[in-house]
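Have a look at the structure below, then the notes.
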Amino acid sequence: MSQNQIKNSIKIESIKKLKRPGFYSLITNEETITIADDVIVKYCLTKDLELDKEVFEEIKKYNEKNNFFLKAIHYIYYQMRSEYEVREYLQKNCVNDQDTDEIIDKLKELKFIDDNELCKLILESTINTLKGPNNFIQKVKQRKLDVNLKDYLYDKDIEEEVIKKVIAKNVSKKETLPLKKQKEQLYSKLIRDGFSNDLINHYINKVEFTDKSDISLDKELNKLMRKHQDLDDKTKKNKIINSLIKKGYSYTQINSKINSIDNDC
């Protein structure tokens with residue numbers, strides 16, 4: 001081999017297995033790189049093999065792209081990802097556009113990325129966790145799935161069944177609150193959970209709320225009486241009434257409770 005050929009060649013001095021499964025330390029006469037086992041197989045790399053520098057650079061580039069491919073699989077492993085999320089992950093790791101496209105195509109071919117399948121899973125999860133269609137649409141848009149939402153129906157019949165379950169599960173939890181407050185809190189929850197406004201109003205109007213607010217009113221009233229005990233009677237009464245009205249109690253209910261206390265005194 002001529003001196004010129006020696007200068008333009010790379011010799012593999014050793015290949016050592018690393019603790020990380022599937023990876024090896026490839027030591028040459030010029031540098032050491034970490035390389036995956038499938039790259040070793042692809043290029044038939046062995047100890048004492050001599051390679052042209054251009055070929056070795058090609059191997060290094062392929063190895064780098066392969067490492068990012070494996071990182072992408074690791075990223076997907078813990079949670080199914082959309083194409084947009086994986087592309088964004090690769091770009092944050094400074095993978096160039098061409099390599100990113102090739103990695104994405106390979107992941108899609110191997111079904112590691114499948115926006116349509118992910119959309120189905122999100123729809124199933126939304127329904128199973130008793131969330132509404134607006135919640136489903138929001139999740140799809142947040143994850144920027146490349147799908148046609150018309151193919152994934154969360155129709156009115158399903159929404160009605162789910163909203164009835166949510167109401168049945170929550171309606172008895174706030175019985176000690178005033179009726180107005182019970183309705184407001186249930187309405188707010190259903191809006192947050194992504195149900196449509198017309199369906200919420202329809203079913204809330206059908207609910208038979210139980211009013212046990214006298215229990216909580218007694219507690220709130222006693223608390224406010226202590227808080228404003230140093231005020232004159234008229235000012236104290238006005239402050240208490242205003243505070244309790246803001247909490248959803250009716251003026252009649254408040255006044256009646258205050259009068260009963262005054263009579264007891």
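Side-chain atoms are counted along with the backbone in the values below, which use heavy atoms only and exclude waters and symmetry mates.
The shortest side-chain heavy-atom distance between E13 and T28 does not fall under the 4.5 Å cut-off. Under the 4.5 Å side-chain criterion, counting only non-hydrogen atoms from C-beta, K206 is in contact with H202. Inter-residue side-chain proximity for Y77 and F112 is flagged as unmet; no heavy-atom pair is nearer than 4.5 Å. Side-chain contact between V171 and E208: absent, with no pair of heavy atoms (C-beta onward) separated by less than 4.5 Å. No side-chain heavy atom of K174 sits less than 4.5 Å from a side-chain heavy atom of K181. Taking 4.5 Å as the limit, some side-chain heavy atom of D48 sits within range of a side-chain heavy atom of K11. The shortest distance between side-chain heavy atoms of I15 and S25 does not fall below 4.5 Å. Here the side chains of L130 and D193 are not in contact, with every heavy-atom distance at 4.5 Å or above.
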- Task: Run the numbers on L190 and Y203 for side-chain contact (heavy atoms from CB on, under 4.5 Å), then give the verdict.
- Result: CA-CA 11 Å; L190 294 171; Y203 279 100; over 6 Å; no
- Query: Step by step, would you call E88 with K92 a side-chain contact (heavy atoms from CB on, under 4.5 Å)?
  - Reply: CA-CA 6 Å; E88 190 177 53; K92 283 181 179 177; 4.0 Å; yes
- Output, in order, the C-alpha distance, side-chain angles, deciding distance and verdict of salt bridge (Lys or Arg N to Asp or Glu O under 4.0 Å) for D101 and R87. CA-CA 8 Å; D101 289 340; R87 190 176 292 279; 2.7 Å; yes
- Task: For the pair I73 and L107, evaluate side-chain contact (heavy atoms from CB on, under 4.5 Å) and give the outcome as yes or no after the intermediate values.
- Result: CA-CA 8 Å; I73 290 178; L107 289 169; 3.7 Å; yes
- Show your reasoning for whether side-chain contact (heavy atoms from CB on, under 4.5 Å) applies to L145 and I122. CA-CA 11 Å; L145 299 185; I122 291 173; 3.9 Å; yes
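The two residues F68 and L90 have their closest heavy-atom pair at O-CD2, 4.0 Å. Heavy-atom minimum distance, L51 versus F56: CD1-CD1, 4.0 Å. Of all non-hydrogen atoms in S9 and N29, the two that sit nearest each other are O-ND2, 4.1 Å. Contact detail for I113 and S82: the closest heavy-atom pair is CG2-C, 4.4 Å. Of all heavy-atom pairs between T210 and Q182, the closest is O-NE2, 3.0 Å. Closest non-hydrogen pair, G132 versus T126, comes out as O-CG2, 3.6 Å.
Between the NZ atom of K237 and the CG atom of N242 there is a distance of 12.0 Å, given to the nearest 0.5 Å. Annotation: the span from T129 atom OG1 to E124 atom CD amounts to 11.5 Å, rounded to 0.5 Å. Going from atom NZ of K131 over to atom OH of Y154 covers 10.5 Å, rounded to the nearest 0.5 Å. I40 CD1 to T46 OG1: the interatomic distance, rounded to the nearest 0.5 Å, is 10.0 Å. Within the model, atoms CD1 of I103 and CG of N66 stand 8.5 Å from one another, a figure rounded to the nearest 0.5 Å. Interatomic distance, NZ of K239 versus OG1 of T235, reported as 8.0 Å (0.5 Å rounding).
Note on I10: it does not cluster hydrophobically with I27, by side-chain heavy-atom contacts below 4.5 Å among ILVMFWY residues. The hydrophobic clustering, which links ILVMFWY residues whose side-chain heavy atoms are closer than 4.5 Å, places I127 and L199 together. With hydrophobic clusters built from ILVMFWY side chains whose heavy atoms lie under 4.5 angstrom apart, I191 shares a cluster with V207. Both L149 and V162 belong to a single network of hydrophobic side chains, linked directly or stepwise wherever heavy atoms of I, L, V, M, F, W or Y lie under 4.5 Å apart. Put simply, V55 and V39 are part of the same group of oily side chains (I, L, V, M, F, W, Y) that touch within less than 4.5 Å, one to the next.
E83 places no side-chain N or O within 3.5 Å of a backbone atom of K108 that could act as its donor or acceptor partner. Side chain of N93 to main chain of V95: no donor-acceptor pair is present (N/O by atom type, distance under 3.5 Å, no hydrogens or angles). Judged by distance alone, with hydrogens and angles left aside, the side-chain atoms of S125 form no donor-acceptor pair with the main-chain N or O of L121 at under 3.5 Å. Listed for the N63 side chain is no donor-acceptor partner under 3.5 Å among the backbone atoms of I59. No donor-acceptor pair under 3.5 Å is formed between the side chain of D151 and the backbone N or O of V147.
With a 6.0 Å radius and a threshold of 12 heavy atoms from other residues, nucleotides or ligands, D97 has its CG atom at or below the threshold. For E31, the CD atom sits in a packed shell: over 12 heavy atoms of surrounding residues, nucleotides or ligands are nearer than 6.0 Å.
Remark: the K139 side chain and the N135 side chain contain an N/O donor-acceptor pair separated by less than 3.5 Å. Looking only at atom types and distance, the side chain of Y84 has no donor-acceptor partner in the side chain of D115 under 3.5 Å away. Side-chain contact, D99 with N96: a donor N or O sits under 3.5 Å from an acceptor N or O. No side-chain donor-acceptor contact under 3.5 Å links E85 and Y89. A donor-acceptor pair shorter than 3.5 Å can be found between the side chains of E159 and S196.
Salt-bridge check for E102 with K65: passed, with a basic side-chain N closer than 4.0 Å to an acidic carboxylate O. Salt-bridge annotation for K61 and E58: absent, with no side-chain N of the basic residue lying under 4.0 Å from a carboxylate O of the acidic one. Between E57 and K60, at least one side-chain nitrogen of the basic residue sits less than 4.0 Å from a carboxylate oxygen of the acidic one, meeting the salt-bridge criterion. Look at E30 and K53 and you find a salt bridge, because one of the NZ, NE, NH1 or NH2 atoms lies within 4.0 Å of a carboxylate O, short of that distance.
Both tests pass for R20 against the ring of F23: distance under 6.0 Å to the centre and angle within 45° of the axis. Geometric assessment of R81 against the ring of Y75 yields a positive cation-pi assignment under the 6.0 Å and 45° thresholds. In this structure, K42 forms a cation-pi arrangement with Y62, its terminal cationic atom sitting closer than 6.0 Å to the ring centre and no more than 45° off the ring axis. Cation-pi geometry between K16 and Y24 is not met: the NZ or CZ atom fails to fall both under 6.0 Å from the ring centre and inside 45° of the normal.
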